[in-house]
There are 4 protein chains.
Amino acid sequence: MPRSPQQNQAIREKRIQQILEATLKVYRERGYHRAEIGEIARVAGLGRGLIYYYFKDKQDVFLTLIRRSLEEWKRYAEAILQLDLPAGERLKMYLKEFCHLCLEYPDMTYFHQSVTRDLNIIFPDQVEEVMGYYEEGMWKPVRRVIREGVESGELREISPDMAERVFFSVVMGAFAPDYTIAENQVDDLVEAALYGLIPERK
Amino acid sequence: MPRSPQQNQAIREKRIQQILEATLKVYRERGYHRAEIGEIARVAGLGRGLIYYYFKDKQDVFLTLIRRSLEEWKRYAEAILQLDLPAGERLKMYLKEFCHLCLEYPDMTYFHQSVTRDLNIIFPDQVEEVMGYYEEGMWKPVRRVIREGVESGELREISPDMAERVFFSVVMGAFAPDYTIAENQVDDLVEAALYGLIPERK
Amino acid sequence: MPRSPQQNQAIREKRIQQILEATLKVYRERGYHRAEIGEIARVAGLGRGLIYYYFKDKQDVFLTLIRRSLEEWKRYAEAILQLDLPAGERLKMYLKEFCHLCLEYPDMTYFHQSVTRDLNIIFPDQVEEVMGYYEEGMWKPVRRVIREGVESGELREISPDMAERVFFSVVMGAFAPDYTIAENQVDDLVEAALYGLIPERK
Amino acid sequence: MPRSPQQNQAIREKRIQQILEATLKVYRERGYHRAEIGEIARVAGLGRGLIYYYFKDKQDVFLTLIRRSLEEWKRYAEAILQLDLPAGERLKMYLKEFCHLCLEYPDMTYFHQSVTRDLNIIFPDQVEEVMGYYEEGMWKPVRRVIREGVESGELREISPDMAERVFFSVVMGAFAPDYTIAENQVDDLVEAALYGLIPERK
DNA sequence: GATGAATGAGTCTTCATTCAT
DNA sequence: GATGAATGAAGACTCATTCAT
């Protein structure tokens with residue numbers, strides 16, 4: 001008695017989820033090269049061969065994980081960044097939300113930090129493609145708002161590129177693997193990112 | 001007639017340098033796991049076996065590279081941080097110097113950024129030891145000055161830990177593999193790190 | 001449709017047997033260090049990687065071979081040594097049976113002789129463990145009977161330790177690699193071991 | 001100022017001795033394959049290359065060690081075995097002397113025991129040659145006396161081959177790596193070898 | 001859809017041997 | 001005679017990927 005197409009589709013989606021979640025866990029502990037497919041299968045509670053039923057190869061698993069999670073984040077981010085508020089306010093909200101999610105999903109946080117840094121190693125032949133995903137899901141939404149802020153005079157007069165860079169650096173640095181800020185430090189961090197370390201200029 | 005001990009010592013030191021420099025290059029292109037010893041040897045212009053003559057194993061090559069470069073940097077950093085200037089000034093000098101060196105030695109910069117992020121993967125059994133090297137060579141010298149600055153009121157009233165984190169995050173973020181600032185952006189970056197993105201608080 | 005657990009278990013057991021038997025053959029011709037895993041796999045008719053699927057490493061293959069064969073021998077030996085006969089008779093039976101088996105399975109014979117001699121070289125970190133297997137499977141069953149024989153006056157009045165040693169030495173020596181006794185010499189050997197070289201004492 | 005031929009000869013002989021002694025020590029701890037030339041040189045207190053000045057290759061070192069030590073033993077053994085005494089007495093003296101030397105030079109004892117067992121592994125192409133050295137230095141001198149003893153009725157009526165085998169087995173077995181008899185057990189051992197385990201035949 | 005046994009290419013590492021000095 | 005730096009062939013081990021069931 002074969003399954004209905006709907007049942008099959010549901011199974012497919014569920015399996016893919018299992019695999020991607022297991023990938024995240026294993027990657028966190030082992031990094032890309034030592035994240036064995038067999039271990040991912042084991043953690044997902046599936047047979048090893050099934051991964052190759054749903055994905056072309058190891059890279060494809062990771063590529064899919066990146067693509068899916070960025071699409072989701074993009075929707076989330078744009079909901080915040082398109083609110084009807086001053087640019088600075090929206091950035092602050094975004095920053096805080098970002099921090100809270102990082103704290104809630106540390107494996108995902110580590111994954112993206114690490115992967116972005118090692119793109120050319122993990123995807124030597126698809127660097128452009130993957131960078132495109134990040135550009136689209138992570139940078140572009142914020143970039144627009146920063147530009148608005150700089151143009152409207154709300155943000156300091158440095159180049160938007162630089163502002164963007166500083167903005168993200170502070171955030172990413174707050175979730176380094178050997179040091180993660182605590183929930184109650186988020187506000188301070190956001191302050192520091194937006195207003196700097198030194199209070200006044202002469 | 002055999003070589004003198006001095007001659008041998010000179011050869012040894014030279015070879016170790018060759019190997020470490022080759023390691024840096026290969027790591028930049030391949031990352032830890034794909035940085036094959038054979039490739040490192042080839043780039044160094046040496047036989048594969050020689051690496052094992054000078055180093056216990058692959059990890060030891062990397063450990064030595066970390067240790068040596070941090071020792072050197074520590075001497076350099078302390079020379080700046082112990083000048084007779086206000087804390088803010090010293091930090092600014094340090095930041096700029098750091099940026100210039102990052103720009104001058106991009107392979108070394110990438111190496112340390114990447115390695116610190118993947119400590120538990122590259123050195124699963126020596127995380128503590130390696131973190132100790134970074135603590136000693138990178139963090140401790142700056143930490144003292146930041147604390148001074150916070151205590152003297154020169155820096156904004158956030159916890160020194162946080163200040164330290166922000167400070168380093170900005171710097172490190174400026175040298176991400178897919179985006180490195182240009183020489184003439186250094187001053188802007190330093191400004192942004194120290195005075196933040198938003199000029200005035202209400 | 002996947003294989004049933006029973007089918008898998010059967011395959012596993014069969015493969016392990018194949019590997020252990022191949023190990024015995026290759027060891028006989030090459031010794032431990034030159035017994036390459038690749039050659040063992042070839043002789044077993046399997047892929048090289050499969051050995052690492054069933055065993056942790058090369059040592060583990062040998063350890064398993066030792067453990068399994070000694071367990072089997074132990075059962076066999078105890079069946080003889082617990083018969084209701086005088087100690088001397090039981091030892092004679094045991095000796096003869098031992099000799100016959102040595103002649104029937106010369107690779108196994110060579111294996112144990114050689115391995116026991118080189119324990120500290122083959123298993124530098126598990127000498128104790130492996131010696132324990134031999135103690136349990138080989139020595140202990142005989143030791144009990146020898147002690148009985150000495151206590152009952154059936155055996156000459158030397159220390160049981162020494163008797164045990166002589167007993168085994170003779171047996172083992174009869175199967176040296178460059179000289180193995182023939183089937184029809186077994187009785188003579190047993191005689192000589194039990195009654196010595198010189199017929200009478202003054 | 002070059003050395004005289006005599007000085008050179010003396011140096012040569014001394015170096016060869018150093019190397020052979022070091023070989024014995026290292027072999028004891030590591031076995032043939034793990035007995036590295038570099039380690040032998042280190043233990044001998046010489047440079048690694050010097051070994052290849054005095055010996056053709058690794059095998060040659062071991063071959064020389066075997067040849068030299070057997071020549072020496074042969075002279076020693078024959079002095080005993082040609083005394084004007086009954087065969088049984090001479091064998092007993094020989095046995096005791098053998099045991100004492102084994103206890104005095106345990107590395108040499110282990111060496112010969114182990115090497116004879118692994119001839120075909122260590123010298124795959126020179127088995128015959130090396131077996132010849134053992135035949136000449138170890139077996140032949142004793143064999144003659146055993147034959148005399150059997151013919152004169154002094155030894156039990158088993159084949160001389162078998163007697164020879166038992167004789168040596170007992171001796172060799174007494175110096176297994178995990179069990180070596182003590183000085184004061186030598187007499188018991190000799191007794192057991194010559195008179196067996198069971199005192200009387202019905 | 002699902003499983004896990006099977007394979008072999010790719011790497012690290014060891015070590016006998018050579019050779020410039 | 002003597003040294004130790006240098007080499008590369010050989011072997012253990014890992015792991016992505018395939019495939020019979």
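What you are looking at is a predicted structure, and each value in this text was computed from that prediction instead of being measured. Within every chain, numbering begins at 1; the chains are lettered A, B, ... in the order of the sequence lines, protein sequences first and strands thereafter. Side-chain atoms are counted along with the backbone in the values below, which use heavy atoms only and exclude waters and symmetry mates.
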Would you be so kind as to tabulate the donor-acceptor pairs closer than 3.5 Å made by side chains of residues 26-37 of chain C, with sequence neighbours excluded?
from	atom 1	to	atom 2	distance (Å)
C:Tyr27	OH	C:Ser114	OG	2.6

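The nearest pair of heavy atoms linking C:Asp60 to C:Phe55 is OD2-CA, 3.5 Å.
The residue among B:Tyr54 and C:Arg3 whose nearest nucleotide of DNA chain F lies closer to the 5′ end is B:Tyr54.
If you measure from atom CD1 of A:Ile40 to atom P of F:dA16, you get 8 Å, rounded to the nearest angstrom. Separating the CD atom of C:Gln7 from the C1' atom of F:dC19 is a distance of 15 Å, rounded to the nearest angstrom. For the pair C:Ile11 CD1 and F:dT21 P, the computed distance is 9 Å after rounding to whole Å. Distance, C:Ile51 CD1 to F:dG11 P: 15 Å, rounded to whole Å. Remark: C1' of F:dG1 and CD1 of D:Ile19 are 12 Å apart, rounded to the nearest angstrom. A:Glu39 places its CD atom 15 Å from the C1' atom of F:dA16, with the value rounded to the nearest Å. Look at CZ on D:Arg42: it is 18 Å from C1' on F:dA2, rounded to the nearest Å.
The stretch residues 41-52 of chain B participates, sequence neighbours left out, in these side chain to side chain donor-acceptor pair (under 3.5 Å) pairs: B:Glu39-B:Arg42.
C:Glu72 meets the side-chain contact (heavy atoms from CB on, under 4.5 Å) test with C:Arg75; sequence neighbours excluded. Looking at residues two or more places apart in sequence or on another chain, you find a side-chain contact (heavy atoms from CB on, under 4.5 Å) between A:Glu21 and A:Gln17. Legend: residues meeting side-chain contact (heavy atoms from CB on, under 4.5 Å) with A:Tyr54, ordered by chain and number and at least two apart, are A:Ile11, A:Arg12, A:Arg15, A:Ile16, A:Ile19, A:Leu50. Applying the side-chain hydrogen bond (donor to acceptor under 3.5 Å, both in side chains) test to D:Glu13 and every residue at least two apart in sequence or in another chain returns D:Arg68. Taking A:Leu65 as the reference, A:Leu20, A:Thr23, A:Leu24, A:Phe111 meet the side-chain contact (heavy atoms from CB on, under 4.5 Å) condition, with sequence neighbours excluded.
Considering D:Tyr133, D:Phe62, D:Tyr134 as possible partners of D:His112, the one that fulfils the ring pair (Phe, Tyr, Trp, His ring centres under 6.0 Å) test is D:Tyr134.
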For nucleotides 13-16 of chain E, tabulate all protein N/O to nucleotide N/O atom pairs closer than 3.5 Å, reporting atom names and distance.
from	atom 1	to	atom 2	distance (Å)
E:dT13	OP2	B:Tyr52	OH	2.8
E:dT13	OP2	B:Lys58	N	3.0
E:dC15	OP2	D:Glu36	OE2	2.5
E:dA16	OP1	D:Lys58	NZ	2.7
E:dA16	OP2	D:Ile37	N	2.8

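Contact between the side-chain N/O atoms of A:Asn8 and the OP1/OP2 oxygens of E:dG1 is found at a separation under 4.0 Å. Between E:dA6 and C:Arg15, a contact under 4.0 Å exists linking OP1 or OP2 to a side-chain N or O.
The listed nucleotides are F:dG1, E:dG4, E:dT3; the one nearest the side chain of D:Tyr53 is F:dG1.
Paired runs in DNA chain E that reach 3 or more consecutive Watson-Crick or G-U pairs, where each pair keeps both distances under 3.5 Å, cover E:2-21 with F:2-21.
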